[in-house]
Amino acid sequence: RSGSQVDMAQEGDVFVRAAPFLRKRRKEEKEERTAKDRLGDLVARIRAVDVQKLDWKRVRWPKLKTWKDKSRTIRHPTKKRIESTVDFFTYTEEEGKKLFDEIDQDGDGKVSLEDLKTAMKKRKLPEAYAHKFMNRAKRSWWWRRSIEWEDFRALMHEKESAMLRCYSSLDVDATGQLKSKQVKSVLHSVGVPDHDENVGAMIKFLGRGDDTTGITYGQFRNFLVLLPPDKLSADPGLLWYESATMLPLTPPQTGTKELLLKTALAGGLSSGVSTFMMHPVDTLKTRLQAVPGATIRDVARSIPQFGAKGLYRGIIPATVGSAASHGLRTCAYEASRLVFTKALPFLGEVQVQGLASGIGTALGTCLRIPNEVLKQRLQAGQYPNVGVAVRSVLRSEGPRGLFRGSGVTLAREIPLFVVGMVAYEQLKKGARGSKARELAAWEYIVLGTLAGAIAGVATTPSDVLKTRIMTADPTVTRGVGQVITDLVTKEGPLALFKGAWARAVWIAPMGAMNFSGYELAKLALIESGDATE
């Protein structure tokens with residue numbers, strides 16, 4: 001018995017030591033049975049659900065974090081991307097150093113303003129870009145006459161992101177180049193014929209004359225780096241085409257009606273301002289032509305009689321009539337030129353310009369003649385103000401009196417603007433060809449002045465006849481032939497060119513403001529409209 005008691009004591013001791021493990025095991029078995037029961041209940045409930053009647057919008061789906069979601073939280077670039085970026089900037093710096101060495105003609109490690117001007121001329125860019133580039137590269141060192149490689153590199157890095165955006169906006173192929181197919185896509189996007197001649201000219205331009213089949217980023221950015229920062233926001237394909245072919249283009253217009261409206265506004269504004277400013281000279285010219293036998297000295301001596309205020313007589317009908325008629329004239333000119341270019345492709349450029357200018361001038365002059373009659377009679381001192389002039393003309397001559405001298409006025413206006421417009425277009429074309437670049441604003445003004453002076457002197461005889469007829473006694477009716485005969489017989493043939501100097505002085509600034517001012521105003525309106533859009 002004593003031995004069995006010892007065995008029982010040992011078994012009890014083992015049981016006591018194993019009790020915690022047994023309790024834990026029983027608890028796990030209970031939880032396992034509970035989980036199985038819950039799983040069974042869940043399966044039963046799922047089987048009881050009618051899937052067709054289930055509202056899937058109210059089902060709450062668990063949000064699972066995928067590998068993609070985790071990868072999006074990684075903001076820093078990988079080692080491979082860092083190495084490729086370093087390679088890119090090494091490449092751009094090497095290309096920029098090649099450009100710097102090319103511009104540095106004497107090889108002294110410095111680029112002067114003359115070096116930049118030569119580089120701009122080779123790339124058919126305006127000379128003003130050289131001044132802008134030099135001023136921006138010098139920064140606060142305004143007294144320096146040249147820039148070094150460090151200055152050039154700093155400005156280049158400043159523009160790098162904008163240049164890269166310009167290049168990537170084009171249809172670049174898998175090798176990172178612009179080849180013939182991609183260049184054709186660029187031409188098509190700017191609305192230019194994508195034939196092989198244009199493609200070849202654009203590739204040759206950026207390839208700097210090398211026999212290349214494509215354009216790399218280095219070649220393209222070495223062209224963009226010389227442009228002002230504001231030009232980098234424009235269409236790069238348009239800038240490329242204009243420089244390669246020397247043919248300036250404006251961005252595609254939104255519509256012909258909008259273009260014609262802006263044209264009329266630009267023409268009316270330029271003519272109204274120029275007429276207002278030059279009215280005193282026109283008054284002196286009218287007094288010289290209206291009085292038979294009058295000389296320049298006689299007109300000069302008569303100025304104190306009518307005073308400074310008399311120089312501005314008739315300014316209201318002159319300004320209103322000039323603005324309205326020139327607005328209609330320029331609108332009709334642009335519309336006629338568009339029609340003739342498409343409908344009559346066999347006509348030359350000069351013929352199209354002449355016909356369009358003639359039609360526009362005829363329409364504009366018909367609107368201007370009543371204002372011209374009132375203006376000249378006020379300038380000659382026949383009436384004190386516009387109201388009295390209108391009432392007197394209608395009472396004595398009827399509505400036809402407002403159109404007195406229409407034939408001779410048309411004979412003056414049509415040649416004036418035909419000669420002036422054709423001369424301006426041809427002078428502009430010749431200047432662009434000789435300079436091989438787009439003209440500056442002051443050059444447009446000089447060409448407009450020359451064209452106005454030429455047209456003014458050439459049409460002086462018609463202007464003399466118009467003045468004599470419009471300022472004649474209303475009770476006396478004389479034809480154009482009789483007026484010419486009396487004028488030549490009594491005053492000589494040179495009387496037909498009476499006041500030519502005053503007319504040249506009057507028309508030359510007006511030509512600058514009408515022809516060149518109209519074009520600059522039209523371009524400004526188009527650019528402002530595109531910027532707003």
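- Below 30°, between 30° and 60°, or above 60°: for F133 and F152 the angle between ring planes is between 30° and 60°, a tilted geometry.
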*Could you check Y129 against L116 for side chain to side chain contact (heavy atoms under 4.5 Å, CB included), going step by step and ending with a plain yes or no?*
CA-CA 9 Å; Y129 288 4; L116 285 172; over 6 Å; no
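- Contact between A451 and G420 at its shortest, heavy atoms only, is CB-O, 3.6 Å.
- Note that the CG atom of L367 and the CG atom of L328 stand 6.0 Å from one another [nearest 0.5 Å].
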_Residues I147, L155; criterion side chain to side chain contact (heavy atoms under 4.5 Å, CB included); working and verdict_ = CA-CA 11 Å; I147 57 174; L155 183 58; over 6 Å; no
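- Using modelled atom types, one finds no donor on one side chain facing an acceptor on the other under 3.5 Å when comparing D463 with T460.
- What you find for V483 and L465 is that their closest heavy atoms are CG1-CD2, 3.8 Å.
- Here the straight-line distance linking atom CG of L487 with atom NZ of K498 works out to 8.0 Å at 0.5 Å rounding.
- Within 6.0 Å of atom CD1 in I316, 12 or fewer heavy atoms from other residues, nucleotides or ligands are found, so the atom counts as exposed in its surroundings.
- Of the possible polar contacts, one joining the D104 side chain to the D108 backbone as a donor-acceptor pair under 3.5 Å is found.
- Within the 4.5 Å cutoff, side-chain heavy atoms of Y424 are placed close to those of L447.
- In this structure, Y217 and L164 have side chains that are in contact, with non-hydrogen atoms separated by less than 4.5 Å.
- Separating the OG atom in S112 from the CE atom in M134 is a distance of 6.0 Å, to the nearest 0.5 Å.
- I359 and F340 get closest at one heavy-atom pair: CD1-CZ, 3.5 Å.
- Summarising the geometry of V464 relative to L496, their closest heavy-atom pair is CG2-O, 3.3 Å, with the distance given to 0.1 Å.
- Rounded to the nearest 0.5 angstrom, M156 CE and D151 CG are separated by 12.0 Å.
- For A389 against L378, the heavy-atom pair with the smallest separation is CB-CD2, 4.3 Å.
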*Determine, stepwise, if the pair L226 / M120 fulfils side chain to side chain contact (heavy atoms under 4.5 Å, CB included).*
CA-CA 8 Å; L226 298 175; M120 297 298 177; 3.7 Å; yes
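- Of the inter-residue distances, the one linking F497 atom CZ with T459 atom OG1 reads 9.5 Å to the nearest 0.5 angstrom.
- With a 6.0 Å radius and a threshold of 12 heavy atoms from other residues, nucleotides or ligands, F276 has its CZ atom at or below the threshold.
- The number of heavy atoms from other shown groups lying within 6.0 Å of NZ (K110) does not exceed 12.
- In plain terms, the two heavy atoms of R221 and E95 that are nearest each other are NH1-C, 4.2 Å.
- The backbone N or O of L224 sits nowhere less than 3.5 Å from a side-chain atom of K159 that would complete a donor-acceptor pair.
- A search for side-chain hydrogen bond (donor to acceptor under 3.5 Å, both in side chains) contacts involving D101 returns K97, not counting sequence neighbours.
- Side-chain N or O atoms of S325 include one that pairs as donor or acceptor with a backbone N or O of S322 at under 3.5 Å.
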*Please lay out, stage by stage, how F220 and M163 fare under the test side chain to side chain contact (heavy atoms under 4.5 Å, CB included).*
CA-CA 9 Å; F220 195 81; M163 294 188 296; over 6 Å; no
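- To the nearest 0.5 Å, the span separating CG on D106 from CD on E114 amounts to 11.5 Å.
- With sequence neighbours left out, the salt bridge (charged side-chain N to carboxylate O under 4.0 Å, His left out) criterion links R136 to E158.
- The shortest distance between side-chain heavy atoms of L374 and L402 falls below 4.5 Å.
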